[in-house]
Amino acid sequence: GCLLVNGTSSMINSALISCHFEIKNMSISAIAMVINIILNLMFIFKFGIIGIALATLISRSLDLVMSAPILYRHLNRPLIDFKSHLKIIVSCIIMGLCIYQLLQNTHLHLIILISIGAAVYLLCLLVFKEKNLNGGAKKSQFVSGKSKVLLNGFLSAGASQSNAGD
């Protein structure tokens with residue numbers, strides 16, 4: 001659970017920074033960090049290293065819960081395409097079960113296990129007809145407001161430089 005929360009929170013924080021919400025992102029991260037420190041002090045003596053992991057999971061979850069609505073309001077579209085993500089999650093579970101069964105019944109080399117796992121995962125995605133990981137969204141759907149103006153200015157500047165070089 002911690003990897004999923006941490007990865008999602010990191011992606012949303014990076015997206016906030018790219019949308020010019022550095023101050024909001026820093027404030028939310030500072031709050032999460034203070035909560036993490038307090039929870040670490042509370043949990044370390046009772047639960048040991050598991051307490052530290054639990055404190056990190058809780059603080060990163062709060063970071064995610066506070067950051068996601070800001071990005072959602074800015075993008076003006078859902079952050080997650082549940083249908084697409086469900087296909088990916090089911091594919092991961094099927095791959096994990098196949099690898100687990102192979103580990104229990106055989107002594108295959110790690111490279112072979114990884115290759116089999118990748119093949120099973122890709123086969124599942126093909127069966128589920130998952131075409132892309134962003135749910136079919138166009139690039140323009142991820143850019144709005146001030147970011148769109150900056151992107152258009154960057155693209156037009158790049159086009160004029162390439163024309164000048166011709």
Side-chain angles (χ1 to χ4, degrees), residues 1-22 24-26 28-29 31-33 35-36 39-40 43 47-145 147-148 150-151 154-155:
C2 195
L3 288 175
L4 180 64
V5 170
N6 194 31
T8 306
S9 181
S10 294
M11 286 190 305
I12 289 179
N13 288 340
S14 296
L16 283 174
I17 292 169
S18 69
C19 293
H20 307 290
F21 289 114
E22 296 92 350
K24 286 183 182 180
N25 183 50
M26 183 187 67
I28 291 169
S29 294
I31 292 168
M33 182 182 64
I35 291 170
N36 190 18
L39 291 175
N40 277 333
F43 292 167
F47 302 111
I49 197 156
I50 302 293
I52 294 172
L54 183 60
T56 302
L57 176 62
I58 292 169
S59 65
R60 291 299 288 190
S61 297
L62 290 172
D63 185 340
L64 178 63
V65 167
M66 291 186 287
S67 299
I70 296 169
L71 189 60
Y72 174 75
R73 281 191 302 263
H74 178 70
L75 294 178
N76 206 16
R77 67 181 294 273
L79 297 178
I80 297 174
D81 175 18
F82 288 105
K83 184 179 176 184
S84 178
H85 282 69
L86 182 63
K87 292 176 185 179
I88 294 168
I89 290 169
V90 170
S91 297
C92 287
I93 291 170
I94 293 170
M95 176 193 66
L97 291 173
C98 289
I99 296 291
Y100 179 75
Q101 286 299 318
L102 287 172
L103 283 172
Q104 298 300 316
N105 300 323
T106 62
H107 297 290
L108 295 175
H109 192 270
L110 182 63
I111 301 288
I112 295 171
L113 284 173
I114 291 171
S115 301
I116 292 171
V120 168
Y121 178 75
L122 291 174
L123 182 65
C124 288
L125 289 180
L126 288 173
V127 168
F128 293 139
K129 297 180 181 164
E130 180 57 32
K131 294 179 181 146
N132 56 29
L133 299 180
N134 66 1
K138 297 176 184 173
K139 288 181 185 177
S140 62
Q141 288 177 309
F142 292 106
V143 182
S144 64
S147 302
K148 193 173 213 172
L150 291 171
L151 181 63
F154 177 74
L155 293 176

Checking [X] now: which residues fulfil side-chain contact (heavy atoms from CB on, under 4.5 Å) with it, not counting sequence neighbours?
X	value
I31	I35, M66
L54	F43, I58
S10	N6, R60

- Neighbour count above 12 (heavy atom, 6.0 Å) for L108 CG: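 It does: L108 CG has more than 12 such atoms within range.
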- Heavy atoms from other residues, nucleotides or ligands near CG of L110 exceed 12 (cutoff 6.0 Å):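 Counting other residues, nucleotides and ligands, CG of L110 exceeds 12 neighbours.
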Distance from [X] atom [atom1] to [Y] atom [atom2], nearest 0.5 Å?
X	Y	atom1	atom2	result
D63	T8	CG	OG1	11.0 Å
L64	L71	CG	CG	10.5 Å
H107	I112	NE2	CD1	13.5 Å
T56	N36	OG1	CG	4.5 Å
I12	I28	CD1	CD1	10.0 Å
E22	S29	CD	OG	12.0 Å

- Query: Quick one: side-chain hydrogen bond (donor to acceptor under 3.5 Å, both in side chains) partners of S14, sequence neighbours excluded?
  - Reply: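 In terms of side-chain hydrogen bond (donor to acceptor under 3.5 Å, both in side chains), with neighbours along the sequence ignored, S14 is linked to no residue.
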- Message: S59: which residues meet the side-chain hydrogen bond (donor to acceptor under 3.5 Å, both in side chains) condition with it, sequence neighbours left out?
- Response: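 Per chain and number, S59 pairs via side-chain hydrogen bond (donor to acceptor under 3.5 Å, both in side chains) with no residue.
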Which donor-acceptor pairs under 3.5 Å do the side chains of residues 89-98 make with protein atoms, sequence neighbours left out?
| unit_1 | atom_1 | unit_2 | atom_2 | d |
| --- | --- | --- | --- | --- |
| S91 | OG | K87 | O | 2.8 |

- Query: Can you name the nearest heavy-atom pair linking T106 to L102, along with the distance?
  - Reply: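 Residues T106 and L102, closest heavy atoms: OG1-O, 2.6 Å.
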- Query: Is S18 reaching over with its side chain to a backbone N or O of A15, donor-acceptor style, under 3.5 angstrom?
  - Reply: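 The answer is yes, because a donor-acceptor pair under 3.5 Å joins these two groups.
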- Query: Which is it for Y121 and I88 under the side chain to side chain contact (heavy atoms under 4.5 Å, CB included) test, yes or no, and what are the steps along the way?
  - Reply: CA-CA 9 Å; Y121 178 75; I88 294 168; 3.4 Å; yes
